[in-house]
2 protein chains.
Amino acid sequence: MPDGAPKKTSRIQKRNRRLILEAALDVFSRHGYRGATLDQIAAEAGLSKPNILYYFDGKEDIHVTLLSQLMDTWLDPLVAMSPAGEPVSEILSYVQRKLDMARDLPRESRLFANEILQGAPRIAPELTGHLKPLFDEKCALIAEWITQGRLPPLDPQHLIFSIWSTTQHYADFESQVRVLLGPTEDPHARASAHLRLMFETMLRV
Amino acid sequence: MPDGAPKKTSRIQKRNRRLILEAALDVFSRHGYRGATLDQIAAEAGLSKPNILYYFDGKEDIHVTLLSQLMDTWLDPLVAMSPAGEPVSEILSYVQRKLDMARDLPRESRLFANEILQGAPRIAPELTGHLKPLFDEKCALIAEWITQGRLPPLDPQHLIFSIWSTTQHYADFESQVRVLLGPTEDPHARASAHLRLMFETMLRV
DNA sequence: TCGTGCCTTTACCAAATGGTAAAATTTATT
DNA sequence: AATAAATTTTACCATTTGGTAAAGGCACGA
């Protein structure tokens with residue numbers, strides 16, 4: 001037994017909470033917070049609406065739980081950017097990981113995009129509490145690299161913004177990208193090559 | 001009298017439709033399509049809900065009208081990219097105009113972002129009808145410039161995506177940007193300098 | 001000034017939606 | 001098996017929301 005409260009979550013409880021969060025990720029990312037309904041989530045989870053409300057305190061509780069839980073996964077690539085590595089390859093690897101995430105976890109990307117677009121009403125604490133410190137830390141790291149002459153003088157904050165926006169674009173604006181590219185073979189590879197070229201060019205002294 | 005139907009729009013009609021669309025832009029861009037309510041729009045327009053429905057056929061009609069009407073303004077900077085100009089400065093001017101628009105018309109940016117995020121359910125025809133041809137035309141122009149050796153070999157489609165994403169980021173993710181930058185003086189100038197540096201670097205042969 | 005047509009308001013409505021109470025059922029424990 | 005606890009279902013409810021009907025007000029030309 002871990003700590004104070006004894007084994008609180010049963011096997012069935014764990015399974016159903018997972019089912020609900022999985023369904024909620026799908027629905028919230030497709031329709032946004034207000035556009036999503038408990039009935040949709042219930043249907044997609046294969047449970048009844050009251051049953052869902054047995055596991056969560058309400059719609060907002062599901063949404064906040066989802067966002068908080070995914071925050072770690074979402075920030076993983078940035079966490080992985082290490083002072084031990086070589087600056088250019090560290091940043092290029094970061095770009096690549098972010099782009100891969102846009103391809104592999106588009107729902108997560110759209111979930112966050114939706115939330116930020118609406119002014120981050122339910123995730124603001126997470127932003128200042130988790131994201132901001134990490135962002136500041138990595139900006140300081142890049143600034144340090146610049147000071148050491150290992151990177152050209154550029155704006156760390158806006159560099160990171162550029163990485164976020166260019167990579168997440170492929171998930172968040174996927175419907176537009178699809179219309180504009182038409183039936184291209186392997187758009188992900190093309191995007192990857194383009195972004196590598198772009199950031200490599202600007203990072204070489 | 002212009003054509004077939006005689007003077008159909010009265011002075012009061014023009015004023016009220018404008019009031020409604022202005023209010024709708026505000027509300028839709030803040031809450032998304034489903035998050036917005038006719039009551040909110042009515043309140044912000046200073047009209048009653050039934051009165052609004054006297055001028056528009058319904059919520060969707062307002063939304064579609066808004067999107068279609070703003071499409072031209074939105075695409076203006078891209079239209080302005082001219083074969084007559086010098087490639088690098090044409091593209092850099094385009095970046096600058098897009099960034100200025102993100103600052104001056106953030107509601108329009110968020111309106112489109114919301115719509116695309118939801119899969120462009122109500123604007124798909126406009127995408128294929130207006131945006132796609134323009135996009136293809138400008139990609140061909142950039143490709144032509146590359147062929148002429150006036151630009152380094154890069155991917156026209158993904159270059160435009162990069163311009164869109166980096167500039168619109170400042171409008172669409174404004175709440176996040178504000179949290180992360182803190183009270184910086186003139187973030188727009190910093191963003192402008194960074195993007196100019198970034199794109200200029202990659203465009204110089 | 002009188003009426004005709006444009007505009008606005010009042011009073012509604014049906015459907016959708018987040019949520020609850022409590023009975024019924026299943027699962028786990030002894 | 002018996003019983004207590006956890007889980008699920010059934011039957012609701014209040015509010016919100018997009019939308020409508022129809023009466024009332026108002027402007028403007030004859």
Side-chain angles (χ1 to χ4, degrees), chain A residues 1 5-67 111 114-115 118 121-122, chain B residues 1 5-67 111 114-115 118 121-122:
Chain A
M1 285 131 232
K7 53 159 180 173
K8 41 167 79 154
T9 56
S10 73
R11 162 176 34 107
I12 198 169
Q13 218 168 112
K14 222 173 291 184
R15 176 178 61 90
N16 281 351
R17 281 185 66 99
R18 190 162 36 76
L19 276 175
I20 293 168
L21 289 175
E22 165 66 24
L25 172 58
D26 231 71
V27 176
F28 279 133
S29 69
R30 276 211 312 272
H31 304 289
Y33 180 74
R34 289 220 41 194
T37 69
L38 287 181
D39 292 283
Q40 278 178 291
I41 296 174
E44 202 157 318
L47 300 172
S48 68
K49 181 166 63 175
N51 201 5
I52 278 187
L53 292 169
Y54 173 76
Y55 290 102
F56 290 91
D57 285 340
K59 187 181 180 181
E60 183 161 348
D61 183 30
I62 301 178
H63 194 246
V64 171
T65 301
L66 203 52
L67 286 168
L111 183 79
N114 259 308
E115 176 68 7
Q118 318 290 315
R122 282 167 290 277
Chain B
M1 288 134 232
K7 53 158 180 171
K8 39 169 78 156
T9 56
S10 73
R11 162 177 34 110
I12 198 168
Q13 216 168 113
K14 221 173 291 183
R15 176 179 61 90
N16 281 352
R17 280 184 68 99
R18 190 163 35 77
L19 276 175
I20 293 168
L21 289 174
E22 164 67 24
L25 171 59
D26 230 71
V27 177
F28 278 132
S29 69
R30 277 212 311 274
H31 304 288
Y33 180 74
R34 287 222 41 195
T37 69
L38 287 181
D39 292 282
Q40 278 178 291
I41 296 173
E44 203 157 319
L47 300 172
S48 68
K49 181 166 62 174
N51 202 3
I52 279 186
L53 292 169
Y54 172 76
Y55 290 102
F56 289 91
D57 285 341
K59 187 182 180 180
E60 184 160 346
D61 184 30
I62 300 177
H63 195 245
V64 171
T65 301
L66 202 54
L67 286 168
L111 183 80
N114 258 308
E115 176 68 7
Q118 318 291 313
R122 280 167 292 277

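All chains are named by letter (A, B, ...) in the order of the sequence lines, taking the proteins before the strands, and each is independently numbered beginning at 1. The model shown is predicted, which means the values in this text are computed figures rather than measured ones.
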Open item on the list: Would A:Lys59 pass as a cation-pi partner of A:Tyr33, given that its NZ or CZ must be under 6.0 Å from the six-membered ring centre and within 45 degrees of the axis?
Closed with: yes

Open item on the list: I want to check something: taking the side chain as every heavy atom from C-beta on, are A:Phe28 and A:Leu67 in contact at a cut-off of under 4.5 Å?
Closed with: no

TODO: Using five pairs at either end of the helix from C:dT1-D:dA30 to C:dT30-D:dA1, determine the angle between the two local helix axes and round it to 10 degrees.
DONE: 10°

TODO: Find out whether A:Lys49 and A:Ile52 are in side-chain contact, i.e. whether some heavy atom of one side chain is under 4.5 Å from a heavy atom of the other.
DONE: no

Open item on the list: Distance check needed: C:dG19 C1' versus A:Gln40 CD, whole Å only.
Closed with: 17 Å

TODO: For nucleotides 2-18 of chain D, just jot down a letter per nucleotide in 5' to 3' order: B, S or -, based on protein non-hydrogen atoms under 4.0 Å.
DONE: ----SBBBBB-----SB

Task: Exercise: identify the closest heavy-atom pair between B:Leu66 and B:Ala24 - done: CD2-C, 3.8 Å

Open item on the list: Taking the side chain as everything from C-beta on, heavy atoms only, tell me whether A:Asp26 gets closer than 4.5 Å to A:Gln40.
Closed with: no

- [ ] Using a 4.5 Å cut-off on heavy atoms from C-beta on, say whether the side chain of A:Leu38 contacts that of A:Ile62.
- [x] yes

Open item on the list: For A:Gly58 versus A:Leu53, what's the shortest heavy-atom pair and its separation?
Closed with: CA-CD2, 3.8 Å

Open item on the list: Determine whether B:Arg122 and B:Glu115 satisfy the following criterion, salt bridge (Lys or Arg N to Asp or Glu O under 4.0 Å), listing intermediate values before the conclusion.
Closed with: CA-CA 8 Å; B:Arg122 280 167 292 277; B:Glu115 176 68 7; 3.7 Å; yes

